[in-house]
Amino acid sequence: ITDSTKVVIFKGEELPSYFHVVDAKTGKTEFAGFTEDEEYNEETKEYNSYGDFSKLQKPGTYYIEAPILGRSYSFVIEEDLYDDVFQEAFKQYYYNRCGITLTEEFAGERAHNACHTGKAVLREDVSVSVDVSGGWHQDQKGSKNVELAAENIGIMLLAYELYIDSFTDDMGIPESGNGIPDILDEIRYEIQWLLKMQDAATGGVYAGVTIYEKTPGKATNAYVEPAEAGASRAFAMVLSKFSYLYQNYDTEYATECLKAADRAWKYAELAKPEDVDGWKFAAAAELYRASGLRNCHKVVTDYLQTGSYKEEMDEITFLGCVTYVSTKQNVNTELCAEVMKVLMEKAEEVSLNSRESFYGTEGNEAQDNNSQLLQNMMYLTMIDHVITNHEYETIIENHLHYFMGRNVKAISYIDNVGERNYKEIDENLGIMKQFDADSKLIFMLSEIVGCHRK
């Protein structure tokens, strides 16, 4: 971004004392600066120093040139630099739509004919076939898991709640321009599949759809996994959350979702009432916010009073905690204060670790640990929404730069970004290609895009 902090990291056995920023098109030097803070990085076994060229705000494509090390890969300075990355991350879910034809107009080279349109059979009774078409592919075979879907929808819906202005109605999907933010349109496509996964008789939710390679002589290669309490609670959590946020656009559909969530919750409570876990907590928190059910509030407070979330904060527990502290229903203020303290401490821990890192990121710089980095950015992004901390905003943006190539291996893990892209090394390293990583990327991008649009 033209007015943001711009830093180059140098590494090697011998480091330069100065550097130039050169226009890649004209070959003209646009900025000259000195390197700073040379030191040995024990973790990565290399010498590092850095150079700050934040004063260069002219849009263009550049590279760094320095004595001893030579020239860097090229990079871009641009006013709306992250908008295209944000849209591409968002569209990964559209590209993974199952059961319909994706046209070149919206999918480009990833266009394809409708797939998996036939019925699947129940794992427990292959004589029963079920229409579970639609939704998003979660792997190359096209399998779909309810808990994984719910987790990633929940993350994107929270991003929408916190940074609503970042999500527009022109993200390049068929529903664009209908007056509803495209993120909600895209999620509704997955919600429609989730509704198909609920057993009409019991309210229980099938755990997922498993796709196998076609076998000669077999009538189907798609199996619906048995209903589970965990899948039902995941369903209840995400359908409640979607209902709460969608009611301003389609009250009737939002009500249908909330009723389905309530049935799934009751099924799970009858099947496994003794369970005490993150899914039960998060589902209860969402149902309490959406409908004010007292029994759900008791589940929430009982869970928080155990204090287990303080040491076992995963994505699901995080979603439940944020929903509870932000609900308009009556809450236990002491528990809310405790939750906020835990979240603030987690954010500050990430901040401190990032300050101590030469690359400005939290975590192990010597390894590919993008999943953990993305999860930590969720904590920081949420707290930044609460207190608007400039240091946190800088750390979040530093992590994006890390994913874009400012890292030990000089690899960009983001599609269509950087000269040395992950595709040259391992297709599996791409963040956008990972179903459960892309939603977290969208989460942190929503904060970055929102801040730069102010």
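Values reported hereafter were calculated over all heavy atoms of this structure, with side chains retained and with hydrogens, waters and symmetry mates removed. One-based numbering along the sequence shown.
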Report task. Could you walk me through whether F86 and F167 pass the ring-ring contact (aromatic ring centres under 6.0 Å, His included) test, one step at a time? Result -> CA-CA 10 Å; F86 188 45; F167 296 94; 5.4 Å; yes

Report task. Start with the C-alpha distance between E225 and T210, add both sets of side-chain angles, then the distance that settles side-chain hydrogen bond (donor to acceptor under 3.5 Å, both in side chains), and finish with yes or no. Result -> CA-CA 7 Å; E225 304 299 343; T210 304; 2.6 Å; yes

Report task. With R420 as the cation and Y73 as the aromatic partner, state whether NZ or CZ is under 6.0 Å from the six-membered ring centre and within 45° of the axis. Result -> no

**Report entry** SB check K6 D52 (cutoff 4.0 Å)
**Finding:** no

Requested in this report: For the pair Y422 and D415, evaluate side-chain hydrogen bond (donor to acceptor under 3.5 Å, both in side chains) and give the outcome as yes or no after the intermediate values.
Outcome: CA-CA 8 Å; Y422 72 91; D415 284 22; 2.5 Å; yes

Query raised in the report: Taking it one step at a time, do Y189 and I187 satisfy side chain to side chain contact (heavy atoms under 4.5 Å, CB included)?
Result: CA-CA 5 Å; Y189 189 81; I187 287 172; over 6 Å; no

Query raised in the report: Would you say E427 has more than 12 foreign heavy atoms packed within less than 6.0 Å of its CD?
Result: yes

Query raised in the report: Is a donor on one side and an acceptor on the other found under 3.5 Å between the side chain of D80 and the backbone of D83?
Result: no

Query raised in the report: Between K440 (side chain) and D436 (backbone), is there a donor-acceptor pair under 3.5 Å?
Result: yes

Query raised in the report: How about Y303 and Y324: are their ring centroids closer than 6.0 Å?
Result: no

Query raised in the report: Parallel, tilted or perpendicular: which describes the rings of Y413 and Y402, with under 30° parallel and over 60° perpendicular?
Result: parallel

Query raised in the report: Judged by atom type as modelled, is there a donor-acceptor pair below 3.5 Å linking the side chain of N152 to the main-chain atoms of L148?
Result: yes

Query raised in the report: Aromatic ring centroids of Y246 and F242 under 6.0 Å?
Result: yes

Query raised in the report: With distance as the sole test, does N221 use its side chain to make a donor-acceptor pair with the main-chain N or O of Y212 at under 3.5 Å?
Result: yes

Query - Side-chain (T251) to main-chain (Q247) donor-acceptor, under 3.5 angstrom - result: yes

Query raised in the report: Name the one of E147, E269, E228 that satisfies salt bridge (Lys or Arg N to Asp or Glu O under 4.0 Å) with R233?
Result: E269

**Report entry** Note, V121 side chain near V130 side chain (heavy atom, < 4.5 Å)
**Finding:** no

Requested in this report: Check the side chains of R110 and Q92 for a donor-acceptor pair under 3.5 angstrom, ignoring hydrogens and angles.
Outcome: yes

Query raised in the report: Going by heavy atoms in the side chains, are V339 and L304 under 4.5 Å from each other?
Result: yes

Query - Side-chain H-bond candidate by donor/acceptor type, S133 with K196, under 3.5 Å - result: yes

Query - Basic-acidic side-chain contact under 4.0 Å: E186, K91 - result: no

Query raised in the report: Salt bridge or not for K310 and E338, using N-O below 4.0 Å?
Result: yes

Query raised in the report: Can you find a side-chain donor-acceptor pair between D384 and T381 that sits under 3.5 Å?
Result: no

Query raised in the report: When you look at T361 and N398, which way does the side-chain hydrogen bond (donor to acceptor under 3.5 Å, both in side chains) test go after all the steps?
Result: CA-CA 6 Å; T361 60; N398 279 340; over 6 Å; no

Query - Side chain D139, main chain S143, donor-acceptor under 3.5 Å - result: yes

Query raised in the report: Would R289 and E286 pass as an ion pair if we require N to O under 4.0 Å?
Result: yes

Query - side chain to side chain contact (heavy atoms under 4.5 Å, CB included) between V209 and W193, intermediate numbers included - result: CA-CA 11 Å; V209 180; W193 169 72; 4.2 Å; yes

Query raised in the report: In terms of heavy-atom contacts, does CD of E334 have more than 12 from other residues, nucleotides or ligands at under 6.0 Å?
Result: no

Requested in this report: Could you tell me whether K433 atom NZ has more than 12 heavy atoms of other residues or ligands within 6.0 Å of it?
Outcome: yes

Query raised in the report: Of the options L319, L158, I155, which is the one that meets M378 in a side chain to side chain contact (heavy atoms under 4.5 Å, CB included)?
Result: I155

Query - F435 and Y93 aromatic centres sub-6.0 Å - result: yes

Query raised in the report: Do NZ/NE/NH1/NH2 and the carboxylate oxygens of R188 and D250 come within less than 4.0 Å?
Result: yes

**Report entry** Close side-chain approach of L441 to I414, heavy-atom, < 4.5 Å
**Finding:** yes

